[in-house]
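To keep things clear, I will list the structure first and then write my remarks on it.
In what follows, chains carry the letters A, B, and so on, assigned in the order in which the sequence lines appear, proteins first and then strands, with residues in each chain numbered from 1.
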Amino acid sequence: MERKNRTYTLLEDSESDGETARERGKEKKSKDRDKGKKRKHLRQKRDESPSSSEEDSKKRSLCYSFNLLDAADPQIWISSCDGPPSNNNIVSSYFLQESEPELSQAEKQKQSLQEVRRSLPIFPYRQDLLAAIRDHQILVIEGETGSGKTTQIPQYLLEDVQYKLSGTRMKIGCTQPRRVAAMSVAARVAQEMSVKLGNEVGYSIRFEDCTSERTILKYMTDGMLLREFLTEPDLASYSVIIIDEAHERTLHTDILFGLIKDIARFRPDLKVLVASATLDTERFSCFFDDAPVFRIPGRRFPVDIYYTKAPEADYLEACVVSVLQIHVTQPAGDVLVFLTGQEEIEACCELLQERCRRLGSKISELIVLPIYANLPSDMQAKIFNPTPPGARKVVVATNIAETSLTIDGIIYVIDPGFCKQKSYNARTGMESLIVTPCSRASANQRAGRAGRVAAGKCFRLYTAWAFKHEMEETSIPEIQRTNLGNVVLLLKSLGINDLIHFDFMDPPPHETLVLALEQLYALGALNHLGELTKLGRRMAELPVDPMLSKMILASEHYKCSEEILTVAAMLSVNNSIFYRPKDKVVHADNARMNFVVPGGDHIVLLNVYTQSGYSTQWCFENFIQFRSMKRARDVRDQLEGLMDRIEVELSSCSGESVPIRKAVTAGYFYHTARLSKGGYKTVKHQQTVFVHPNSSLFEEQPRWMIYHELVFTTKEFMRQVIEIESGWLLEVAPHYYKNKELEDSSSKKMPRKQGKAREELG
DNA sequence: TCCCGTATG
């Protein structure tokens, strides 16, 4: 195993920081805590022969980490315990991986665990790290994957004498971007500390709080800590907050940055650690008032990087050929191919299988396996099966394999350099998902996947020039690519009124904030001064988007809260409820048609939920994603549990459609479209939009519709629509709609099928 | 006429 030289660097600029922090501390003690204040395509050409490029000056050698313990890198994936094993969420567990069949003495096991701990790259830095944490309130930790930072730093703190002596024992909180990471890391640390998971060491994720009063170390998702701000705006029960995987720049992590930087000012006793992979640590340091950076190396095997000599036009074909070349010319080792989505992956797998069939016995066995988030779990699990001797495994993946899961045995990575990226246009309120060149950081992450178990090779299907000049250094942070309605409501409820001047590390587009504020005002969540109303406060209690929240609150008036809770839960997973594999499109579409009822897609979703048998078998037969159904049930249960708090009584309209659609309208009146020549026009922006072909109303043409979301793919599509009557708009939002707006001036000529759906409703 | 990259509360 090759290791990079261990270098210890502690960048220090702010000599007076400790001083001022202490002074602030004195100030704080004398005053009451003021909680109210808180608040190009890269044209590509494949190398003729990847292995023959020794002389190629473009060949690079990078080192990447070998990772046993990092949060983002689960090594073994097993089915979760609850429910049938085949179709559940896959859950990782270091715990099971570590437990050996021979039941030797617990003592012996404990010893070997401590040996493993001492062998981690971070171990030699233990004392310096503790000293740095003692001397600085905020510390940026640059730790490569596999350094052990996620599991070890909290333990070092807990073992440290200083920490033990520092008065009241308060919690250490450590955030992770993903649920599985929070769970598996907590399990690992509990094992290392010989405590029961949920006692001293626990985790907190949505739907699952595995902590107790004894918990002093809590791993959690970043979104969960954000929610905790609502009940504890100064995080008083924490003495240390660790923001892990900060480089991923998730929406929630970015908001946490601003909030934590703020509370750190009047809580000098709070220690903040921002842990990130290499890259960007200077930016974190800069944002946190020049906080020092502490560097820890990781463990890694070298990965040779190969580029193409010229751009390649057809990267799918290039992938297929590259895989086959590796298979024929390279020593044993599995291959990981990064593509952008389900369709590409299915096409690639088909091509590979077809060519292998044609080559027949001339080549050894090639096992081709797809993986993407929407693939049913039992099919996902196949990628973790060990490759039989003599065969080679090829995993064709989306960027799910970039951070969310790790496959053992990968030696070769093929990277065409693209990914699908969501963007949000605040002027139209439209989302789009577009294939774009990925960032250099992303490309390096992909390459690193080849160097986990041994030295590896990464074949980049673009030129070294393109890598250097056409790719961005890092990806655009999520906060700049997404609708912020939810975030704005949360910040408002934390008492942060001036969002335009909120301390964002990378501020979102101005229009995004303005649209979010505008919509919250229209919903009645904000008054004309931009302050939260009573309604707004109730809306903020629910972990859903503002319009959905308003819809739920409105359902009380229409006596259909039971149904609306279901609709809300189903909408929150709607993009993946119907399973539609390419080879069974007809069957899948027929199965879906069986659920169609009049009124629109929301009513269809309600119908699916009502009819759904809680079994994998039922889901399989009806082309429904079991995982999504399970999630919908979880969301619904959670929301139902919150109804008390927001004072909504549970009631049912026995599935009658009009009250349900009126409640939806009360939340989504901003999303109205009216029939016009050649499609629909949104009422507020006069934008031409179309009914999505998957909609139950695709062939109907009701005059007025409410859409759940607007997405641009090949056209401007409304996804999830219901039919409404224009009069309802005046009923639910008289402050927003004028009678004049709703007059039908343009519809002298009625389209063929107009009104059909309504007749059926009776 | 479709196409859902990945997460999260």
Sequence neighbours excluded, which residues qualify as ring pair (Phe, Tyr, Trp, His ring centres under 6.0 Å) partners of A/Phe504?
A/Phe502
By the salt bridge (Lys or Arg N to Asp or Glu O under 4.0 Å) test, which pairs, at least two apart or in different chains, include something from residues 219-231 of chain A?
A/Lys218-A/Glu228
For a quick check, with a 4.0 angstrom heavy-atom cut-off, what is the B/S/- contact string for nucleotides 2-8 of chain B, read 5' to 3'?
BBBBSBB
Checking A/Asp545 now: which residues fulfil salt bridge (Lys or Arg N to Asp or Glu O under 4.0 Å) with it, not counting sequence neighbours?
none
Only counting residues at least two apart or in another chain, list the ones meeting ring pair (Phe, Tyr, Trp, His ring centres under 6.0 Å) with A/His247.
none
Name each donor-acceptor pair under 3.5 Å that joins a side chain in residues 429-438 of chain A to protein atoms two or more places apart or in another chain, with its distance.
| unit_1 | atom_1 | unit_2 | atom_2 | d |
| --- | --- | --- | --- | --- |
| A/Ser432 | OG | A/Ser423 | OG | 3.1 |

